[in-house]
Colleague: 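Could you have a look at this structure, given as structure tokens, before my questions?
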Amino acid sequence: MKTTTSSLSAFGDSSIQTPSKSRIRQGCHSAGPNVSGDHINLVSSSMPSFPILQRSSEEKILYSDRLTLERQKLTVCPIIDGEEHLRLLNFQHNFITRIQNISNLQRLIFLDLYDNQIEEISGLSTLRSLRVLLLGKNRIKKISNLENLKSLDVLDLHGNQISKIENVSHLCDLRVLNLARNLLSHVDNLNGLDSLTELNLRHNQITFVRDVDNLPCLQRLFLSFNNISTFESVCCLADSTSLSDITFDGNPIAQESWYKHTILQNMMQLRQLDMKRITEEERRMASVIAKKEEEKKRESQKQSLLKEKKRLTINNVARKWDLQQHRVTSIAANQDRKDSDSPSQDPCQVDGSTISAFPEETGSLDSALSNALQGLSVTDTHLVEVDGDTLSLYGSGALESLDRNWSVQTAGMVTTVSFTFIEFDEIVQVLPKLKIKFPNSLHLKFKETNLVMLQQFNALAQLRRIDQLTIDPQGNPVVSFTLWKYYVLFRLSHFSMQKINGTEVTQNDMIMAERLFGILAHVASSELPQYRLISILGDARKKQFRYLLETKGKKPGVVSEENNDSKRLVGENTNRATLNYTTRDFYNEKLEEIKEKKKFCKMYIEDLVKEATEINMKNEALQKLWPQMFIELVRDAVIEIRNKSSYMKLCLQQITDQK
Amino acid sequence: MATERAGTWLPEAGKLELGSCCGPRMLSPERLALTDYEYLAQRHVLTYMEDAVCQLLENKEDISQYGIARFFTEYFNSVCQGTHILFREFSFIQATPHNRASFLRAFWRCFRTVGKNGDLLTMKEYHCLLQLLCPDFPLELTQKAARIVLMDDAMDCLMSFSDFLFAFQIQFYYSEFLESVAAIYQDLLSGKNPNTVIVPTSSSGQHRQRPALGEASMLEGVEASLFYQCLENLCDRHKYSCPPPALVKEVLSNVQRLTFYGFLVALSKHHGINQALGALPDKGDLMHDPAMDEELERLVVRSRLHRTSRQHRAQEPGTFGFHRRDKLEAPERVPSASAPTPSPYRWEPRE
């Protein structure tokens, strides 16, 4: 009888190799094979299904403790009589469906049922001395009925249909557990296996592993060809101090770029990974990479936190804006966000990449992302952000940031300035500051800034230069006008803008703009009285204009070549320079101031008129009375002169009286 | 362009002397029948005087440099020419009929090109254009004018330049008159006048924009002749300017019944009233202004030349080192706070 080596690999004691001289005769079907070898006889018993095994006494003496019945085409376990000393029993490669008729073999240490058709573990309850149980390649669906096998050393259940590890907690002497090629989807319930050294879980469908740190002696763990994809699902392995050998090949995790160094970094106790020895170099590399990843993760967390803050701030500003614009009538009473006035602001830091400037915050930024978010209370009412070449301002409070000390490099790099949720009238007031602090700003963007009148564009003329203008329709009603682009091109023609709202400005656009509004410019410059021109333009332009007006002929029709040149030199748009924009508030203020003067003027004119009418009355009265008076004068004179001598006396008298 | 309303006298330096000029009209009996103040008020002389002195006060530093006499000359010249209302506040523009007419004319001249271009604009946009000339022009007036054009319907509709302009003329120039007319109309509509005669309405008169509603039971508007009687009374006692009664009669004689807005539309489209006002040319000539067109062409040509020449010039740096930048070049040095604010034309080479 030949016995092949069982499928165990490492097995404590002696292997079982009992070469036997005997042959096996092929027999075969049905209930009881009738094999009669030289030494073994299986004869039918009184019970129709179970054959009875008999051995010759010679055999019994020679191999008193071992019995091999492999490849005997057994479909049932035969009754084994008179072999109570048996210690090794081999039923490999049969068709046995149930473990039976061995309860009397209470000295059994080694039972090999590899490659049978057993569907359930049973019939082992009396085998208290059993140390090796080989049930590989059967049809077992559940681990059960092992309660009394407390001395079990090796349990081999590979190639079955087991889906759950259970009922093994009492096997405190178990050193090797083989559950490869089963249907396990996860690993847990491993407590109690205090001696387990090797656990083979290859070729299952395991997605996560737990409780391995409860195995104090586990050294080798084979998880090849499972379904593990993250380290988190096997994180308990990191806590197992005894593990020295582990395999993960054939898992999705092994394909990941971070696989090796993550495993090495988290399991410093390992000596072999995937059957390859781990070198010092590898360990060092792993720790370096892991550190870098940690860094990156922290960084990205910080970034997302900042981004979230920014988003919340912008939402807050937007809400405030809507309230201001009376779009939102009700103020939400229960908000878990507090609105407070913006506290002191951090100075801006330059590091080349995204810079965000937020006011001081009470929460700490170092905590984990979720924690930090919960702790966030939106205290910002505005937001200032510089991102490479774009300066973004949200909320009217942001305009104050233009007063800050911007570093020359940052300020010089800014080419785009974007205003959102700020009243245009407020922006107008800081345009001079913008001109100075950010001289390279070429592109202005306006969104939700309440641009309602074409006139407001006049205010942009004071800037140094604009190449591009973007007016977002949202919050800017002016965009709904048909002529707004042409007006912008007309009024800001000296900038020679390239793009408006993303579309290129063509020569035709410029000409159309000039056609539509050119007369307005002409009227605004040439038909205004000079004093008005000067008062509108202010001192700075006075000289230019005087120069212009002096060289220009008084007759508008005659324009000489020289005048053309001079006009071109000084600046084309002096003829539209009078088109200004004063914010509504300023305008009303001015009108208020004028009221006093008007009152005075009224009174003054009234006085003049009174005087004039009095004089007129007197004049008229004189006109009426004059003829009469004239006649009387003449009559008096004639009467006087009538008597020459007395007249002469009178005159002399008058002369002496005078002295 | 000159109107007959402003006086033709020239002011002497400093002080006015009334009656110092002569001419047949000056001594006409009607004029002499008025007292001084009445005459002044009728001609709005004081308004202009007060305004002139006020302007003088506001700009005294600038004006003192070239003399008060010259200032007054310029001022009253501009009043004659109708340019005194440019960029002035609304209260001044509204103050006298001459101001209003000048404003209408200025608006026409400045934005005729918009109309010529054929663009149809909304009421808000026209209001914007008005605001370009008068920053605090009230929206209600523009809205009322738009209502005339649109017959109180769909205020967001687009309007043509000529429609709007003529309606605006009526609304702005005769605004007080129109208010009284509206009141009269309401009275008549609610039947306060005992002489109301209900006559079945005929179909649309030639001056109406759209046909009258409800020929069956709903009688729209008021009877024309009755309406005219009330208006005649109004014109007689109204101290504000009114359209010539004869022309009003003409408007009303062509229809039997009409609505308020129908009446306004008829007024706005009536050539005679337009001519009587004298601010705007006839509808047919509305887009016609050869002198301005010439000037415009010159401007366009100049701007075209300028643009191309600037593009050439932009290749070399200007004398002050400022030239067209693209992203590759180094950023400009930020000037220190103590440096004077550079003028925007600094980069133009000067000769």
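Within every chain, numbering begins at 1; the chains are lettered A, B, ... in the order of the sequence lines, protein sequences first and strands thereafter.
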Colleague: Between the side chain of B/Gln131 and the main-chain N/O of A/Met453, is any donor-acceptor distance below 3.5 Å?
Modeller: no
Colleague: Could you pull out the closest heavy-atom pair between B/Leu129 and A/Phe517, with the gap in Å?
Modeller: CD2-CE2, 4.1 Å
Colleague: Roughly how far, to the nearest 0.5 Å, is OG1 of A/Thr482 from CG of B/Asn117?
Modeller: 10.5 Å
Colleague: Count the heavy atoms of every other residue, nucleotide or ligand shown that sit under 6.0 Å from NZ of B/Lys124, and state whether that count exceeds 12.
Modeller: no
Colleague: Below 4.5 Å from any heavy atom of chain B, which atoms of A/Leu454 appear? Answer side chain, backbone, both or neither.
Modeller: both
Colleague: In this structure, are over 12 heavy atoms from other groups packed under 6.0 Å from A/Arg515 atom CZ?
Modeller: no
Colleague: Contact between B/Leu133 and A/Leu520 at the side-chain level, heavy atoms closer than 4.5 Å - yes or no?
Modeller: yes
Colleague: Using a cut-off of under 4.5 Å for heavy-atom pairs, which of A/Met617, A/Glu606, A/Lys597 has the most such pairs with chain B?
Modeller: A/Lys597
Colleague: Tell me, with the steps shown, if B/Glu58 and A/Lys598 meet salt bridge (Lys or Arg N to Asp or Glu O under 4.0 Å).
Modeller: CA-CA 10 Å; B/Glu58 268 182 74; A/Lys598 278 202 174 144; over 6 Å; no
Colleague: Give, for atom CG of B/Asp119 and atom OH of A/Tyr486, the distance between the pair rounded to the nearest 0.5 Å.
Modeller: 8.0 Å
Colleague: State, yes or no, whether a side-chain contact exists between A/Leu516 and B/Phe111 at a heavy-atom distance under 4.5 Å.
Modeller: no
Colleague: Under 4.5 Å heavy-atom distance to chain B, tell me which part of A/Val452 shows up: side chain, backbone, both or neither.
Modeller: backbone
Colleague: May I ask you to name which of B/Asp293, B/Leu158, B/Asp136, B/Asn77 has the most heavy-atom pairs under 4.5 Å with chain A?
Modeller: B/Asp136
Colleague: Answer with side chain, backbone, both or neither: which region of A/Lys433 has an atom nearer than 4.5 Å to a non-hydrogen atom of chain B?
Modeller: neither
Colleague: So what's closer than 4.5 Å to chain B heavy atoms on A/Ile519: side chain, backbone, both or neither?
Modeller: both
Colleague: Quick one: pull up OG in B/Ser78 and CG in A/Leu528 and give me the separation to the nearest 0.5 Å.
Modeller: 8.5 Å
Colleague: Identify which part of A/Tyr487 has an atom lying under 4.5 Å from any heavy atom of chain B, answering side chain, backbone, both or neither.
Modeller: side chain
Colleague: Side chain, backbone, both or neither: which part of A/Tyr587 has a non-hydrogen atom closer than 4.5 Å to chain B?
Modeller: side chain
Colleague: What is the minimum heavy-atom distance between A/Cys601 and B/Glu50, and which atoms define it?
Modeller: CB-O, 3.8 Å
Colleague: Say whether, by atom type as modelled, one donor and one acceptor occur between the side chain of B/Glu125 and the main chain of A/Leu483 under 3.5 angstrom.
Modeller: yes
Colleague: Report the option among B/Thr122, B/Asp51, B/Leu86, B/Leu57 that has the most heavy-atom pairs separated by less than 4.5 Å from atoms of chain A.
Modeller: B/Leu86
Colleague: Is the shortest side-chain heavy-atom distance between A/Gln455 and B/Cys128 below 4.5 Å?
Modeller: no
Colleague: Identify which part of B/His127 has an atom lying under 4.5 Å from any heavy atom of chain A, answering side chain, backbone, both or neither.
Modeller: neither
Colleague: Select one option (side chain, backbone, both, neither) describing which atoms of B/Thr47 are under 4.5 Å from chain A's heavy atoms.
Modeller: neither
Colleague: Keeping B/Thr83 on the side-chain end and A/Glu527 on the backbone end, is there a donor-acceptor pair under 3.5 Å?
Modeller: yes
Colleague: Report the option among B/Asn59, B/Leu296, B/Val300 that has the most heavy-atom pairs separated by less than 4.5 Å from atoms of chain A.
Modeller: B/Leu296
Colleague: Quick check on B/Glu294 against chain A: is it the side chain, the backbone, both or neither that has a heavy atom closer than 4.5 Å?
Modeller: neither
